[in-house]
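Structure, as structure tokens:
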2 protein chains.
Amino acid sequence: MYSKEIIKGTLKPIILKLLQENNRMYGYEITQAVKDLTADKIKITEGALYPLLHKLEAEGVVFTEKESIGKRVRKYYALTPSGKEKTQELIEEFVDFMATMKHIFEPNLQPGYGTA
Amino acid sequence: MYSKEIIKGTLKPIILKLLQENNRMYGYEITQAVKDLTADKIKITEGALYPLLHKLEAEGVVFTEKESIGKRVRKYYALTPSGKEKTQELIEEFVDFMATMKHIFEPNLQPGYGTA
DNA sequence: AATCTATACATAAGACTTTTATGTATAGGA
DNA sequence: TCCTATACATAAAAGTCTTATGTATAGATT
């Protein structure tokens, strides 16, 4: 588990990346997927996740479908067409950003390797 | 220039990494170093930088030396012994974190390459 | 039958980080 | 003389995330 400060700013890119790959997901599923993908190093808290999903819906980036599982209701989130565009842009920016960070933190590597 | 949200949480690791490599630096020098290292993609604002430096000093991570350049005064920052330890730990955590992020955002790469 | 854990949603107060705006002052170039 | 660069600093506001709390169903264990 990473210290909290380090994860700042990555929640939105992570969620959108998952939605880009999985077509549709519900909130709890997202928290589990991140836990699994990162071997428990990143745990998304509900207090951060749900407000962000609601905000993305209000912005038209995602839309929702409710589905009943027994007596419980699941709320699935999926990208809208414009959301897909924005997501693609954001992810490209994020990947570029990570390459820049890598350049700062591993300055001995030859440019070109690792990103090709 | 990246959108602001993306850079969140990286300011402290960046500053400490620079101080680890450069022995001592002053505030303005840090802003320029980051601009140069990232081809203007990341610009550290003074409103974020100076309060953080003051906080790091209050925590005993860095110490300062004032130096007069003509009539102006420069304030150099350098890592304390305990600050060096904390910095090393933070940077290792950050590098690990970046590898985890890379795993999420570039899932097709074979593990082992790029980090070896 | 009762209790614990997992699933599944949600909100609200507070902490923390960063942006935006503003201020002061010296130095150098146009 | 004026503009830009150098060099520090603070303070209000915005924004993000943590921590805490709440509700409820479902399944497993005691």
Side-chain angles (χ1 to χ4, degrees), chain A residues 1-16 18 24-36 38 40-59 61-62 64-77 90 94 97, chain B residues 1-16 18 24-36 38 40-59 61-62 64-77 90 94 97:
Chain A
M1 189 64 186
Y2 299 118
S3 59
K4 1 172 183 164
E5 316 120 84
I6 269 186
I7 304 173
K8 282 249 170 187
T10 53
L11 184 56
K12 189 166 153 186
I14 288 174
I15 289 172
L16 292 178
L18 287 175
R24 69 174 203 164
M25 296 181 89
Y26 57 96
Y28 186 77
E29 188 183 13
I30 292 173
T31 65
Q32 300 306 305
V34 172
K35 268 179 62 180
D36 292 348
T38 64
D40 275 37
K41 285 176 178 176
I42 299 178
K43 287 178 192 165
I44 290 180
T45 59
E46 296 152 302
L49 177 64
Y50 290 115
L52 178 52
L53 287 172
H54 299 164
K55 195 185 163 204
L56 289 172
E57 188 180 11
E59 289 169 358
V61 176
V62 299
T64 58
E65 290 164 343
K66 285 185 185 175
E67 206 150 303
S68 291
I69 309 294
K71 284 184 180 173
R72 276 208 298 245
V73 177
R74 257 185 213 162
K75 206 163 152 188
Y76 279 95
Y77 290 84
L90 182 73
F94 193 75
F97 171 67
Chain B
M1 189 61 186
Y2 298 117
S3 58
K4 1 171 183 164
E5 316 123 86
I6 268 187
I7 304 173
K8 283 251 170 185
T10 53
L11 185 56
K12 189 166 155 188
I14 288 173
I15 289 172
L16 292 178
L18 287 175
R24 67 173 206 166
M25 297 182 89
Y26 56 98
Y28 187 77
E29 189 183 13
I30 292 173
T31 66
Q32 299 307 303
V34 172
K35 268 179 62 180
D36 292 349
T38 65
D40 275 37
K41 285 176 178 176
I42 299 179
K43 287 177 192 165
I44 290 182
T45 59
E46 296 152 301
L49 178 64
Y50 289 115
L52 178 52
L53 287 172
H54 299 164
K55 195 186 163 202
L56 290 171
E57 189 181 11
E59 290 170 355
V61 176
V62 300
T64 59
E65 291 166 341
K66 285 185 185 175
E67 208 151 300
S68 291
I69 309 293
K71 284 185 181 172
R72 276 208 296 244
V73 177
R74 258 186 212 163
K75 206 163 155 189
Y76 280 94
Y77 290 84
L90 182 73
F94 193 74
F97 172 67

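As the structure is a prediction and not an experimental result, all values here were calculated from the model. Naming convention: chains lettered A, B, ... in sequence-line order (proteins, then strands); numbering from 1 in each chain.
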With a 4.0 Å cutoff (strictly under), does any side-chain N or O of [X] reach OP1 or OP2 of [N]?
{"X": "Thr45(B)", "N": "dT19(C)", "result": "yes"}
{"X": "Tyr50(A)", "N": "dC9(C)", "result": "yes"}
{"X": "Tyr26(A)", "N": "dA8(C)", "result": "yes"}
{"X": "Lys12(B)", "N": "dT18(C)", "result": "no"}

### Message
One pair to check against side-chain contact (heavy atoms from CB on, under 4.5 Å): Met25(A) and Ile15(A). What are the steps and the verdict?
### Response
CA-CA 10 Å; Met25(A) 296 181 89; Ile15(A) 289 172; over 6 Å; no

Calculate the interatomic distance between [X] atom [atom1] and [N] atom [atom2]; express it in whole Å.
{"X": "Ile42(B)", "N": "dT18(C)", "atom1": "CD1", "atom2": "P", "result": "12 Å"}
{"X": "Tyr2(B)", "N": "dT19(C)", "atom1": "OH", "atom2": "C1'", "result": "19 Å"}
{"X": "Leu49(B)", "N": "dT18(C)", "atom1": "CG", "atom2": "P", "result": "11 Å"}
{"X": "Ile15(B)", "N": "dT18(C)", "atom1": "CD1", "atom2": "C1'", "result": "12 Å"}
{"X": "Glu57(B)", "N": "dT10(D)", "atom1": "CD", "atom2": "P", "result": "11 Å"}
{"X": "Lys4(B)", "N": "dA21(C)", "atom1": "NZ", "atom2": "C1'", "result": "14 Å"}
{"X": "Lys8(B)", "N": "dT20(C)", "atom1": "NZ", "atom2": "P", "result": "10 Å"}
{"X": "Lys66(A)", "N": "dC9(C)", "atom1": "NZ", "atom2": "P", "result": "11 Å"}

### Passing option when Thr64(B) is tested against Arg74(B), Glu57(B), Lys75(B) for side chain to side chain donor-acceptor pair (under 3.5 Å)
Glu57(B)

Would you indicate what [X] reaches in the nucleic acid, counting non-hydrogen atoms under 4.0 angstrom: base, sugar-phosphate, or nothing?
{"X": "Lys43(B)", "answer": "nothing"}
{"X": "Gly47(A)", "answer": "base"}
{"X": "Leu52(B)", "answer": "nothing"}
{"X": "Lys75(B)", "answer": "sugar-phosphate"}

### Query
Can you give one letter per nucleotide of nucleotides 22-28 of chain C, going 5' to 3': B for a protein heavy atom under 4.0 Å from the base, S for sugar-phosphate only, - for none?
----BS-

### Message
If you only use heavy atoms from C-beta on, which nucleotide in dC17(D), dT17(C), dT10(D) is closest to the side chain of His54(B)?
### Response
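Of all the options, the side chain of His54(B) is nearest to dT10(D).
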
### Query
Minimum heavy-atom separation for Ala33(B) to Leu18(B), with atom names?
CB-CD1, 4.3 Å

### Query
Given Leu11(B), which of Val34(B), Leu52(B), Leu16(B) fulfils the side-chain contact (heavy atoms from CB on, under 4.5 Å) condition?
Leu52(B)

### Task
Please report the C-alpha distance between Thr10(B) and Phe97(A) in whole Å, then the side-chain angles of each, then the deciding distance to 0.1 Å, and finally whether the side-chain contact (heavy atoms from CB on, under 4.5 Å) criterion is met.
CA-CA 11 Å; Thr10(B) 53; Phe97(A) 171 67; 3.6 Å; yes

### Euclidean distance, Glu5(B) CD relative to Phe94(A) CZ, rounded to 0.5 Å
11.5 Å

### Difference in axis direction between the ends of the helix from dA1(C)-dT30(D) to dA30(C)-dT1(D), five pairs, 10°
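Overall, the helix from dA1(C)-dT30(D) to dA30(C)-dT1(D) bends by 20° from one end axis to the other.
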
### Task
Would you kindly compare Tyr76(A) and Ala48(A) by the position of their nearest DNA chain C nucleotide and give the one closer to the 5′ end?
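This one resolves to Tyr76(A).
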
### Query
Are Arg24(B) and Glu67(B) close enough, and set up right, to give a side-chain contact (heavy atoms from CB on, under 4.5 Å), and what steps lead you there?
CA-CA 12 Å; Arg24(B) 67 173 206 166; Glu67(B) 208 151 300; 3.0 Å; yes

